[in-house]
Amino acid sequence: MGRRRETGKVEPKMVKEAQDHANRPDNTAFTQQRLPAWQPMLSAGIVIPGFVLIGLAFIGIGVALFVTSKSIQELEIDYTGFDKDSACFQCSGQKPVTCLCQLNFTIKSLIKGPVFFYYGLSNYFQNYRRYTVSKDDDQLYGNLANFKSPSTTCSPYVYNGTNVPIVPCGSIANSKFNDTFKLYQKVNATMKLVPFDGKGIAWWTDYNIKYRNPSVTPLRNAFNGTTQPISWPSPAYELDTGNASNNGFINQDFLVWMRTAALPDFRKLYRRITEGDYAQGLPAGSYMLDIEYNYDVLSFGGRKKVVFSNVSWMGGKNDFLGIAYLVVGSMCIFMSIVMLIVYAKFKFPEED
């Protein structure tokens, strides 16, 4: 009996030692934290020149960004039709009948090419969480199983009133921007059409990786037994009647819209002006923009606009970025001067 009691006391201790040994890290410099370390000794002779160099670098970058941004030409025109004297006022209350309006404007000097034509929306919260997730990624990748049974994340735009599945489903697709534009230049009392280029306006990753059409020919057969989003006048396979390869989920305008904006005031690329007589840009003169006014924004207090702009090595016009660099650089210079005054006045010993 004594041996059994002694064995009962010894064995748990041996097991515990074995477990501790198994959990012990390897005896290396990394696992045992014996790697050499270096800690800088910050002094006034290091910190003050460092702040000056950082400040000068930021100011230099800020000046370059700000000057470049100011060199970008941009023409922005609101066409919401909110004001009674607006060219599109008669269209702002049209529901749901399509309305046409003409916007006349003048370009005072050449807008150098290539010129990018954007549409812009304000007070439109595409960053709302339930809005951004309201889509079916498997459906948009061409998975036919999700055509018949869309994901519940598309709610409330999963099925229509007769329980027919909506393709593409979700709030993002349902709210797709559908105003259309044609631009004309007035030349010798005639209207000359300015050609738009709509190829490659979407992100390469969206067009080639993220979105796919079903492998069904013709494409319309893949949508049998489904219906288009409630707000769409035509199904996805007829988004571009002039170009059969620009239909379905890889339609360029659809891809641009599906990439949601981070801020409530945003612009999205509609077309580029890079062809024919306008390859070098939009010359000075009088222009007319034909607008097919479909998209309602007044119901939520929004505004619509069109923007003509060129770009630079830093992208589009963005004064904020240059100003931010200038402010940070100026603060660094200011703080270095303050530290220099304090150091010169008090002369702290090096050992302190």
Side-chain angles (χ1 to χ4, degrees), residues 95-96 98 118-121 123-180 198 201-216 219-241 243-262 264 266-270 292 294-297 299-300 302 304:
K95 293 180 182 180
T98 297
Y118 303 87
Y119 62 86
L121 300 175
N123 198 37
Y124 196 117
F125 290 83
Q126 275 198 319
N127 57 357
Y128 184 54
R129 186 186 64 82
R130 290 192 61 184
Y131 181 90
T132 58
V133 301
S134 186
K135 61 180 179 177
D136 188 341
D137 290 324
D138 290 328
Q139 185 187 87
L140 296 172
Y141 196 70
N143 190 338
L144 290 175
N146 291 73
F147 278 44
K148 303 300 182 182
S149 300
S151 171
T152 55
T153 58
C154 288
S155 179
Y157 300 102
V158 183
Y159 299 94
N160 68 358
T162 57
N163 208 34
V164 177
I166 297 174
V167 180
C169 66
S171 298
I172 308 177
N174 184 72
S175 61
K176 177 181 173 292
F177 185 82
N178 59 350
D179 284 0
T180 60
I201 60 174
W203 285 32
W204 184 92
T205 51
D206 290 346
Y207 183 80
N208 293 280
I209 299 175
K210 193 174 180 180
Y211 295 84
R212 296 284 180 85
N213 280 333
S215 300
V216 177
L219 181 61
R220 65 183 303 127
N221 290 346
F223 292 82
N224 290 338
T226 69
T227 186
Q228 70 259 28
I230 298 172
S231 299
W232 286 26
S234 58
Y237 53 83
E238 292 180 353
L239 290 178
D240 189 348
T241 56
N243 183 3
S245 63
N246 189 37
N247 279 304
F249 303 147
I250 59 173
N251 174 266
Q252 293 289 317
D253 293 320
F254 176 72
L255 294 176
V256 169
W257 180 257
M258 292 300 290
R259 181 162 288 276
T260 55
F266 60 87
R267 63 177 64 170
K268 291 179 181 287
L269 183 60
Y270 182 76
E292 186 177 301
N294 301 305
Y295 206 73
D296 174 42
V297 294
S299 60
F300 57 85
K304 297 191 292 187

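- With rounding to the nearest 0.5 Å, the separation of CZ in Phe266 from CZ in Phe125 is 10.5 Å.
- No donor-acceptor pair closer than 3.5 Å links the side chain of Asp136 to the backbone N or O of Pro150.
- Residues Gly225 and Lys148 share a closest heavy-atom pair of CA-NZ, 3.6 Å.
- Using modelled atom types, one side-chain atom of Asn213 and one backbone atom of Asn247 make a donor-acceptor pair closer than 3.5 Å.
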Per-pair distances, 0.1 Å, donor-acceptor, side chain in residues 168-178, under 3.5 Å, sequence neighbours excluded:
| residue | atom | partner | partner atom | Å |
| --- | --- | --- | --- | --- |
| Ser171 | OG | Ser134 | OG | 3.2 |
| Asn174 | OD1 | Ile230 | N | 3.1 |
| Asn174 | OD1 | Ser231 | N | 3.2 |
| Asn174 | ND2 | Ser231 | OG | 3.3 |
| Ser175 | OG | Tyr124 | OH | 3.3 |
| Ser175 | OG | Tyr131 | OH | 2.6 |
| Ser175 | OG | Ser171 | O | 2.9 |
| Ser175 | OG | Ile172 | O | 3.1 |

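- Taking OH from Tyr159 and SG from Cys154, the interatomic distance works out to 10.0 Å, rounded to the nearest 0.5 Å.
- Across Val167, Asp206, Leu255, a single residue satisfies side-chain contact (heavy atoms from CB on, under 4.5 Å) together with Phe249, and that is Val167.
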Walk me through it: do Phe254 and Leu140 pass the test side chain to side chain contact (heavy atoms under 4.5 Å, CB included)? CA-CA 11 Å; Phe254 176 72; Leu140 296 172; 4.0 Å; yes

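- With rounding to the nearest 0.5 Å, the separation of CD in Gln228 from CD in Glu238 is 8.5 Å.
- Remark: side-chain polar atoms of Thr260 are not paired, donor with acceptor, to backbone N or O of Asn127 under 3.5 angstrom.
- Side-chain contact between Thr162 and Thr227 is absent, with no heavy atoms from C-beta onward closer than 4.5 Å.
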If you apply the rule side chain to side chain contact (heavy atoms under 4.5 Å, CB included), what do you find for Arg259 with Thr205, and how did you get there? CA-CA 11 Å; Arg259 181 162 288 276; Thr205 51; 4.3 Å; yes

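- Under a 3.5 Å cut-off, the side chain of Thr226 and the backbone N or O of Phe223 do form a donor-acceptor pair.
- Formation of a donor-acceptor pair under 3.5 Å by the Asn246 side chain with backbone atoms of Gln252 is found in this model.
- Of the inter-residue distances, the one linking Leu219 atom CG with Ser245 atom OG reads 11.5 Å to the nearest 0.5 angstrom.
- One N or O on the side chain of Gln126 and one on the backbone of Ala261 form a donor-acceptor pair closer than 3.5 Å.
- In terms of heavy-atom proximity, Ile201 sits nearest to Tyr270 at CD1-O, 3.4 Å.
- Note that the CG atom of Asn146 and the CG atom of Asp138 stand 4.5 Å from one another [nearest 0.5 Å].
- Residues Tyr211 and Ile250 come closest through the heavy atom pair O-CG2, 3.8 Å.
- Here the CG-OH distance, from Asn251 to Tyr237, works out to 14.5 Å after rounding to the nearest 0.5 Å.
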